[in-house]
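Scroll down for the structure; my scribbles are underneath it.
What you are looking at is a predicted structure, and each value in this text was computed from that prediction instead of being measured.
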Amino acid sequence: MSKFHPLSPTDAYHEATKHSWASVRRNAHGLDWSNQPSVYKNYPADLPRVSLLEADPLKRFLYRVAGITAKKSYPGVEYYLRTNPSAGALYPNEVYFQARGVEGFADGIYHLEVASSSAVLLRPIDESEGLEATLEDPRRRRGLLLFVSGIYWRSSWKYRDRAFRYVLLDAGHLLGSTEAGALLWERAYTIRYRIDRQGLNRFFGFGREEGMLSAFDMSTPEEAEVRLPEGSLEQVDPTGSFEPNERIEAVYRASGHVRGCRKEYRVPRLPLTREAWAEAILRRRSIRQFSRRSISKEEFTQIVRWAQASVPSDCDEAVELYAVVNRVEGMEPGLVKEGEYLKRGDFSGKAGYLCLEQALGSESAVTFFLVSSGENYAPLYQKAGLIGHRLYLAAEVQGIGASGIGAYYDDEVREFLGTKGKILYAFAIGR
């Protein structure tokens with residue numbers, strides 16, 4: 001008789017937030033527009049600010065992390081797009097950073113204020129203190145340390161319990177936009193998930209609305225160790241409204257315990273020319289409709305190669321890339337993984353159905369599904385978001401449209417792919 005193995009808290013959350021044909025129709029709900037949370041967090045106006053709109057390599061890098069790139073207007077709705085995409089344009093993440101020994105910035109801890117395209121100095125630091133104390137290695141570090149937080153109510157307002165998936169995917173996109181800027185600036189980096197979340201949350205004065213998720217390290221260690229600055233920062237409301245969700249708060253706590261991590265040290269090379277890459281970072285958009293035209297096999301190969309390049313981090317989880325090939329010149333239609341056909345045939349209609357019956361999945365040149373059997377939920381989901389960002393940029397550089405799809409019929413996707421792993425993300429590219 002086989003033994004029953006209870007699900008981990010993160011796996012239980014993933015199972016509980018799956019979509020099915022029946023659940024999507026059973027759980028339909030309207031949006032309370034009067035209660036919509038703000039997508040911007042702003043600290044008091046009297047704090048010092050550094051503009052990121054100046055033609056300086058460091059400031060341009062920081063702007064490319066989450067800068068505003070376009071304005072969209074519809075009847076009764078107006079919103080701004082950023083270098084990093086977000087499900088529903090809800091942007092459930094914030095970026096903070098520490099600068100030490102960096103030209104143009106006083107040594108201190110900053111908030112990346114998207115609304116004003118500036119960096120807000122929250123607290124100066126001296127040589128004996130710093131956020132390095134929240135890393136596994138608490139040695140003082142010269143350079144930049146960036147931290148990504150999650151604010152789940154910005155997403156749960158619309159997506160309810162499933163929102164933590166989007167918070168993690170969007171955090172991954174932020175890591176991806178940071179990576180894109182770091183490669184353009186020719187700086188080495190590593191992503192850190194083994195951080196003291198609780199210590200960071202206390203220091204930044206976060207309430208239950210916000211919690212740290214990961215760090216992007218672009219610094220060089222020295223011999224001396226540092227301590228966390230004393231006290232805490234003043235709490236700032238990040239949403240303007242708030243409705244607590246116990247399920248999401250529980251999985252956030254559970255996802256902070258990472259174990260059995262494999263470290264990846266290899267930093268990939270910039271895959272294309274600097275000029276094309278810089279333009280793609282600012283031009284990137286989410287396509288809403290494809291023309292059913294084909295892309296070339298070479299274009300497809302380039303996109304997949306960059307998506308599968310190494311991701312340097314202290315907790316690297318394997319993320320598999322399945323591709324439903326619909327319209328690629330020189331390739332038969334079918335389901336492809338690692339260059340091998342698992343199934344042959346036209347599955348474009350099936351891909352569209354699996355993506356909650358969205359035409360994006362069926363009219364694309366290729367529809368990808370990202371899958372992982374890893375146990376560290378926050379790292380693997382954020383890696384999926386980062387890979388999604390790579391897909392965006394690699395497609396954009398070649399004049400190909402792209403769109404991330406966070407909603408799909410989970411179990412039916414697993415059955416179609418023939419996998420037991422968790423379905424993390426769907427992604428469509430095409431013309």
* To do: Would you please test R123 and D107 for salt bridge (Lys or Arg N to Asp or Glu O under 4.0 Å) and show each step?
  => CA-CA 9 Å; R123 171 79 67 87; D107 289 1; over 6 Å; no
Any salt bridge between [X] and [Y], counting N to O under 4.0 Å?
X: D11; Y: K422; result: yes
X: R140; Y: E225; result: no
X: R247; Y: E249; result: no
X: K383; Y: D316; result: yes
X: E132; Y: R227; result: no
X: E317; Y: R262; result: no
X: K337; Y: E340; result: no

Do we see a donor-acceptor contact under 3.5 Å between the side chains of [X] and [Y]?
X: N326; Y: S364; result: yes
X: E210; Y: S149; result: yes
X: R141; Y: S219; result: yes
X: Y392; Y: S403; result: no

* Could you check E113 against Y43 for side-chain hydrogen bond (donor to acceptor under 3.5 Å, both in side chains), going step by step and ending with a plain yes or no? => CA-CA 8 Å; E113 190 172 84; Y43 280 83; over 6 Å; no
Has the side chain of [X] got a donor or acceptor atom that lies under 3.5 Å from a matching backbone atom of [Y]?
X: D170; Y: Y91; value: no
X: Q198; Y: L200; value: no
X: S362; Y: A351; value: no
X: R390; Y: A309; value: yes
X: S20; Y: S23; value: yes
X: S241; Y: N35; value: yes
X: Y193; Y: G256; value: no
X: R64; Y: L62; value: no
X: R162; Y: T17; value: yes
X: R414; Y: G421; value: yes

* With a distance cut-off below 6.0 Å to the six-membered ring centre and an angular limit of 45° from the axis, does R60 pair with Y63 as a cation-pi contact? ->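 Yes, R60 and Y63 form such a contact.
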* **R197 charged N/C atom sitting above Y252 aromatic ring, 6.0 Å / 45°** =>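 R197 over Y252 ring: yes.
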Spacing of [X] atom [atom1] and [Y] atom [atom2] [to the nearest 0.5 Å]:
X: I195; Y: E136; atom1: CD1; atom2: CD; result: 11.0 Å
X: Y265; Y: S313; atom1: OH; atom2: OG; result: 10.0 Å
X: S38; Y: L90; atom1: OG; atom2: CG; result: 11.0 Å
X: E320; Y: T419; atom1: CD; atom2: OG1; result: 5.5 Å
X: Q289; Y: I287; atom1: CD; atom2: CD1; result: 10.0 Å
X: L354; Y: Y409; atom1: CG; atom2: OH; result: 9.0 Å

* What's the verdict on ring pair (Phe, Tyr, Trp, His ring centres under 6.0 Å) for Y408 and H19, showing C-alpha distance, side-chain angles and the deciding distance? -> CA-CA 6 Å; Y408 35 79; H19 281 323; 7.5 Å; no
Atom [atom1] of [X] with >12 non-hydrogen neighbours under 6.0 angstrom:
X: R25; atom1: CZ; value: yes
X: Q235; atom1: CD; value: yes
X: E415; atom1: CD; value: no

* What closest approach, in Å, do A171 and L213 show between heavy atoms, and which atom pair accounts for it? ->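 Shortest heavy-atom contact: CB-CD1, 3.9 Å.
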* **Atom of I248, atom of S156 and distance for their closest heavy-atom approach** =>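 Heavy atoms only, the tightest pair is CD1-CB, 4.0 Å.
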* **side-chain hydrogen bond (donor to acceptor under 3.5 Å, both in side chains) assessment of Y353 paired with E412** => CA-CA 10 Å; Y353 167 77; E412 292 189 67; 3.0 Å; yes
* Picking from F203, F147, F204, Y110, what satisfies ring-ring contact (aromatic ring centres under 6.0 Å, His included) with Y96? ->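 The ring-ring contact (aromatic ring centres under 6.0 Å, His included) with Y96 is passed solely by F204 among F203, F147, F204, Y110.
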* Asked: Can you name the one residue among Y166, Y425, F427, Y381 that meets ring-ring contact (aromatic ring centres under 6.0 Å, His included) with H173?
  ->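 So the option named by the test is Y425.
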* **L146/V95 under side chain to side chain contact (heavy atoms under 4.5 Å, CB included): CA gap, chis, key distance, verdict** => CA-CA 7 Å; L146 296 94; V95 177; 4.1 Å; yes
* Under the ring pair (Phe, Tyr, Trp, His ring centres under 6.0 Å) rule, what do F347 and F416 come out as? Steps first, then yes or no, please. => CA-CA 10 Å; F347 298 111; F416 172 67; 5.4 Å; yes
* To do: Report the C-alpha distance between L121 and L47 in whole Å, list the side-chain angles of each, state the deciding distance to 0.1 Å, and finish with yes or no for side chain to side chain contact (heavy atoms under 4.5 Å, CB included).
  => CA-CA 6 Å; L121 177 60; L47 291 176; over 6 Å; no
* To do: Go through K41 and E94 one step at a time and tell me if the salt bridge (Lys or Arg N to Asp or Glu O under 4.0 Å) criterion holds.
  => CA-CA 8 Å; K41 182 177 183 179; E94 293 289 330; over 6 Å; no
* To do: Check each of R194, Q382, R192 against S214 using the side chain to side chain donor-acceptor pair (under 3.5 Å) test, and report the only one that passes.
  =>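 Answer to the side chain to side chain donor-acceptor pair (under 3.5 Å) test with S214 among R194, Q382, R192: Q382.
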* **Passing candidate, side chain to side chain donor-acceptor pair (under 3.5 Å) with E396, options R284, R283, R285** =>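 Of all the options given, the one that passes is R283.
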* **Audit row: K59, L53, side chain to side chain contact (heavy atoms under 4.5 Å, CB included) steps and yes/no** => CA-CA 7 Å; K59 293 172 184 175; L53 298 177; over 6 Å; no
* Might you work through the ring pair (Phe, Tyr, Trp, His ring centres under 6.0 Å) test for F216 and F61, ending with a clear yes or no? => CA-CA 13 Å; F216 194 96; F61 161 75; 7.3 Å; no
* So T239 and F242, side chain to side chain contact (heavy atoms under 4.5 Å, CB included) or not? Walk me through it. -> CA-CA 7 Å; T239 56; F242 179 64; 4.3 Å; yes
* disulfide (SG to SG under 2.5 Å) against C355, all qualifying residues, sequence neighbours excluded ->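 Partners of C355 by the disulfide (SG to SG under 2.5 Å) criterion come out as none, since no residue qualifies.
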* Asked: Taking side chain as C-beta onward, heavy atoms only, is T190 less than 4.5 Å from D314?
  ->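 Side chain of T190 against side chain of D314, heavy atoms only: no contact under 4.5 Å found.
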* Asked: With a 4.5 Å limit on heavy-atom distance, are the side chains of I405 and Q358 in contact?
  ->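 SC-SC contact between I405 and Q358 confirmed.
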